[in-house]
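Report on one structure; see the data block that follows.
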Amino acid sequence: MTVRRVPADFRSIQEAVNQSAPGDTIRVAGGIYRESVTIGEEKARLAIIGSGAGDTILEGDGTGVGFTICGSSSVTIAGFTVTGFEVGIRVETSDNVIRNVTVTGSAASGIDVPQGGTRNLFFEIASNSNRVDGIVIRSSSNYVINSEFHNNTDDGIDFLGPSNVAIGNVATGNNTGLSTFGDNSVLIGNRFVGNQRALGMTGATGGLVYRNALSRSSENSVTILTVTNALLLGNEVSCSQGQGYRLSISEGLRAVENQVENNGTIGIVVGTERSVVDDNAVKDNAGAGIDAGSTATGNAVRRNQLKRNNPDIATRPPGDTNNVIDENRCKTSVPDGLCACDD
């Protein structure tokens, strides 16, 4: 294995890549490198290490891709800013590590993982001010951890494939903080604040949304649409201008121990079938705390603590008879009689 240095040994990063063998390391000094870099076949375990995202800059002219990993796996890219390409980084293979990288100003998405790119790690990256998504993942089983996504035109994080994981990320100023169409997404400990929508989950089966802070959205904070059997556990959903949770045309959801407060309209909209809404704290929402509408059928709404909503619980026929609404601690309901204290 060899350590190759740019520009001391090679004039460009691509020249160093072309001369590298599997397992080699390329060290890139600070500076601006106006080139596109492709890591093709027979470069497994290659590491390309810049001197820091604020120091080593890969710069484009608005076209092409900055880094493309297309023929080898287990490649590491770290310590770069990638700016001014159509796509900043495209990862077509598996088991790669992208860390400590900033991607900005892409004409499309900052980072793109097409089908076939699996088990890749994106760690402590920043993908900001791109014209589509901060990162879009069309494949399965990738990991986005401790990263930041700000001011992208569409989504901060966009999961189109199944079984992808987002942990400890921050997203602000995007159309949606995180949007997922993939089955069994795992979203833990993220902070999506000040987006048009914090979280959208559409057309998926399964999934875990756990202990995320989802707040200050200019529309509904969380929309769950045509989803089956997802678990929404222990999230803070607050201060949106629209609804807190909108659970719509879905089945078998479980919304448990969430804190839903200070939203501009309804706290939790229940428009689902055979779902569970239990043990949530719902307070100070401008509209109803929990609203079981005419499409709500066979749901259980139990043991929720509701305060200072308008009213605390509301139902509309046939939602007033087709759902179990028991043991909620509240004072006001429409119709009367759904709270122990409002008869």
Side-chain angles (χ1 to χ4, degrees), residues 176-180 192 195-204 207 209 212 214-326 328 330 332-335 338-339:
T176 305
L178 187 149
S179 177
T180 178
F192 302 147
N195 303 281
Q196 190 170 342
R197 293 172 293 274
L199 171 63
M201 180 180 287
T202 305
V209 182
N212 301 278
L214 311 168
S215 67
R216 301 192 181 281
S217 302
S218 61
E219 296 183 1
N220 299 333
S221 195
V222 179
T223 297
I224 309 296
L225 178 65
T226 60
V227 171
T228 304
N229 300 329
L231 173 59
L232 314 171
L233 174 63
N235 301 288
E236 178 185 335
V237 182
S238 64
C239 300
S240 72
Q241 294 181 30
Q243 299 163 356
Y245 272 123
R246 181 172 183 81
L247 313 179
S248 183
I249 321 177
S250 297
E251 182 177 347
L253 304 181
R254 290 152 293 160
V256 179
E257 293 194 0
N258 298 280
Q259 182 176 331
V260 184
E261 60 183 39
N262 291 306
N263 294 289
T265 58
I266 299 167
I268 303 175
V269 175
V270 182
T272 61
E273 298 181 4
R274 293 178 288 279
S275 296
V276 170
V277 181
D278 283 356
D279 302 298
N280 301 283
V282 186
K283 63 182 181 180
D284 296 315
N285 297 285
I290 298 175
D291 186 311
S294 59
T295 60
T297 303
N299 302 289
V301 180
R302 302 169 298 197
R303 299 182 305 278
N304 299 284
Q305 298 189 32
L306 303 105
K307 297 180 181 179
R308 299 183 296 275
N309 303 288
N310 187 31
D312 287 331
I313 298 180
T315 63
R316 294 184 300 280
D320 54 344
T321 59
N322 285 355
N323 301 283
V324 174
I325 301 176
D326 281 344
N328 297 287
C330 54
T332 59
S333 69
V334 176
L338 300 177
C339 303

Between Gly264 and Ala286, the two heavy atoms sitting closest are O-CB, 3.1 Å
Note: Val282 and Asn309 closest approach over all heavy atoms is O-ND2, 3.0 Å
Taken to the nearest 0.5 Å, the spacing of Leu306 CG from Leu338 CG works out to 11.0 Å
Partner of Ser250 under side chain to side chain contact (heavy atoms under 4.5 Å, CB included), picked from Asn229, Val227, Val270, Thr228, is Val227
SG of Cys339 to CD1 of Ile313, rounded to nearest 0.5 Å, is 4.5 Å
Output for pair (Gln259 CD, Leu214 CG), nearest 0.5 Å, gives 11.5 Å
Distance col, row Ser240:OG vs Asn195:CG, nearest 0.5 angstrom, shows 12.0 Å
side-chain hydrogen bond (donor to acceptor under 3.5 Å, both in side chains) with Tyr245: of Asn263, Asn220, Asn235, Asn280, only one passes, and it is Asn235
**Report entry** Exam field: side chain Asp279 to backbone Val256, donor-acceptor pair closer than 3.5 Å
**Finding:** no
Q | Arg302, CZ: over 12 other non-hydrogen atoms inside 6.0 angstrom | A | yes
dist Thr226:OG1 -> Glu251:CD (nearest 0.5 Å) comes out at 12.0 Å
Do Leu199 and Asn212 come close enough that some side-chain heavy atom pair is under 4.5 Å? no
* Asked: So, are Arg254 and Asp278 salt-bridged, with charged N and O less than 4.0 Å apart?
  -> no
Please check this pair: side chain of Thr265 against backbone of Gln243, looking for a donor-acceptor N/O pair closer than 3.5 Å. yes
Verify, without hydrogens or angle tests, whether Asn258 (side chain) and Leu232 (backbone) share a donor-acceptor contact under 3.5 angstrom. yes
Exercise for review: Using the side-chain contact (heavy atoms from CB on, under 4.5 Å) rule, take Val222 and Met201 through it: C-alpha gap first, then chi angles, then the decisive distance, then the call.
Suggested key: CA-CA 8 Å; Val222 179; Met201 180 180 287; over 6 Å; no
Test item: side-chain donor near acceptor, Ser275 and Thr272, under 3.5 Å | yes
Closest heavy-atom pair, Pro335 versus Thr315, reported as atoms and distance to 0.1 Å, is CD-OG1, 3.2 Å
All heavy atoms of Ser217 vs all of Ala198, minimum pair found to be OG-N, 3.2 Å
The residue among Thr332, Asp284, Asn285 that forms side-chain hydrogen bond (donor to acceptor under 3.5 Å, both in side chains) with Arg308 is Asp284
Shortest non-hydrogen pair, Ser221 vs Gly244, comes out as CB-O, 3.5 Å
One should read off an interatomic distance between Asn310 CG and Ile266 CD1, to the nearest 0.5 angstrom, of 10.5 Å
All heavy atoms of Leu233 vs all of Glu257, minimum pair found to be CD1-CB, 4.4 Å
*Hey, does Leu253 have a side-chain heavy atom less than 4.5 Å from the side chain of Ile224?*
yes
